[in-house]
Amino acid sequence: MSLSIHKFKHDSDLVDEFSRRICQLLEQAVTEREHAYLVVSGGRTPVALFERLSKQVLPWPQITILLADERWLSANDANSNERLVRQHLLQHQAAAANFISLLTDADDAHEALDELNQRVAVIPCFDVVLLGMGEDGHTASLFPDSPEAELEHALNTSDPVAAITPRAAPYQRVTLTRSRLMHSRIIFFQLSGTAKQKVLEQAVVPAAGLPVSRFLQQQEVPVEVMLATPEE
Ligand SMILES: O=C1O[C@H](COP(=O)(O)O)[C@@H](O)[C@H](O)[C@H]1O
């Protein structure tokens, strides 16, 4: 398994090391290919990392950022991932970055898929994908309790974007599919807390079958887990 796990005692140590790694990879991508593509996740975990990254001196006009998944809400809604990124990442130095939204005017996420698939299909291989993980083993918006047909589609299609309707988590979602997320030079997970550490331990067991396991247990793309387990 091309999986490595880096453990940190404090979230701040994780943010120091992780932002250094991401900056290095983005600079290298711009040097080698003139442009870098960074995929980020929503939720609460990456906020401090976003704020640190936003202040770094990088060739931001040559960096494009997009989300791994989006809640089907207005971009101004307090719970939208886009709003989180605009508020915490696309600020300071990083205000000069390009951002590709996963939202459209459609009422239902399924109706938006043609447009979103076209929007994302033209993006080349991602340079860095930053994923989170929920305590139910979801990553991006690949929720284990989604209707089976939706989840199977999102995990197996070659389309870049899929619609997901989780049963327990709020909001309809759109998510980059497994195949599109795997079209990356590297995938990172940022995790914090012993509850997520336990889910990670379950997810790497061969028979686990959680959506997140489909990224952790594969040989094609290197995966690095940045795990902070501050004493709780
Ligand atoms: O709903 C979501 O949850 C996951 C994990 O969020 P966190 O708050 O536990 O960090 C996140 O990675 C995903 O992008 C988001 O839509």
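Computed over heavy atoms, backbone and side chain alike; hydrogens, waters and symmetry mates excluded. Counting starts at 1 for both ligands and their atoms, in listed order.
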Which is it for [X] and ligand 1 at heavy atoms under 4.0 Å: side chain, backbone, both or neither?
{"X": "Leu131", "result": "neither"}
{"X": "Thr45", "result": "both"}
{"X": "Lys196", "result": "side chain"}
{"X": "Arg173", "result": "side chain"}

Distance-only polar pair, side chains of [X] and [Y], donor-acceptor under 3.5 Å:
{"X": "Gln56", "Y": "Ser19", "answer": "no"}
{"X": "Ser101", "Y": "Glu82", "answer": "yes"}
{"X": "Ser141", "Y": "Asp69", "answer": "yes"}
{"X": "Glu17", "Y": "His6", "answer": "no"}

**OP:** Rounded to the nearest 0.5 Å, what's the gap from CZ on Phe189 to CG on Leu131? Could you check?
**Re:**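 That separation rounds to 4.5 Å.
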Interfacing atoms of ligand 1 (cut-off 4.0 Å, heavy-atom, [X]):
{"X": "Asp69", "answer": "13 (C), 14 (O), 15 (C), 16 (O)"}
{"X": "Arg44", "answer": "7 (P), 8 (O), 10 (O)"}
{"X": "Gly42", "answer": "11 (C), 12 (O), 14 (O)"}
{"X": "Arg71", "answer": "1 (O), 2 (C), 15 (C), 16 (O)"}

**OP:** Assess the pair His35 and Tyr37: is the distance between their ring centroids shorter than 6.0 Å?
**Re:** yes
**OP:** Run the contact test for His138 against ligand 1 with a 4.0 Å cut-off on heavy atoms, strictly below, and give the result.
**Re:** yes
**OP:** Take every heavy atom of Glu70, measure it against each atom of ligand 1, and state whether any distance is under 4.0 Å.
**Re:**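 No, Glu70 has no heavy atoms under 4.0 Å from ligand 1.
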Original post:
Should Val212 and Val223 be regarded as members of a common hydrophobic cluster, given that ILVMFWY residues are connected when their side-chain heavy atoms come within less than 4.5 Å of each other, either directly or indirectly?
Top reply: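 Yes, one cluster joins them.
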Original post:
Does the ring of Phe126 carry Arg180 above it, NZ/CZ under 6.0 angstrom from centre and within 45° of its axis?
Top reply: yes
Subject >> For atom 12 (O) of ligand 1, closest protein heavy-atom neighbour >> reply: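 In this structure, atom 12 (O) of ligand 1 has Gly132 CA, 3.5 Å as its nearest protein heavy atom.
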**OP:** If you have a sec, work out which protein heavy atom is nearest atom 6 (O) of ligand 1 and how many Å separate them, to one decimal?
**Re:**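 Result for atom 6 (O) of ligand 1: Gly43 CA, 3.7 Å.
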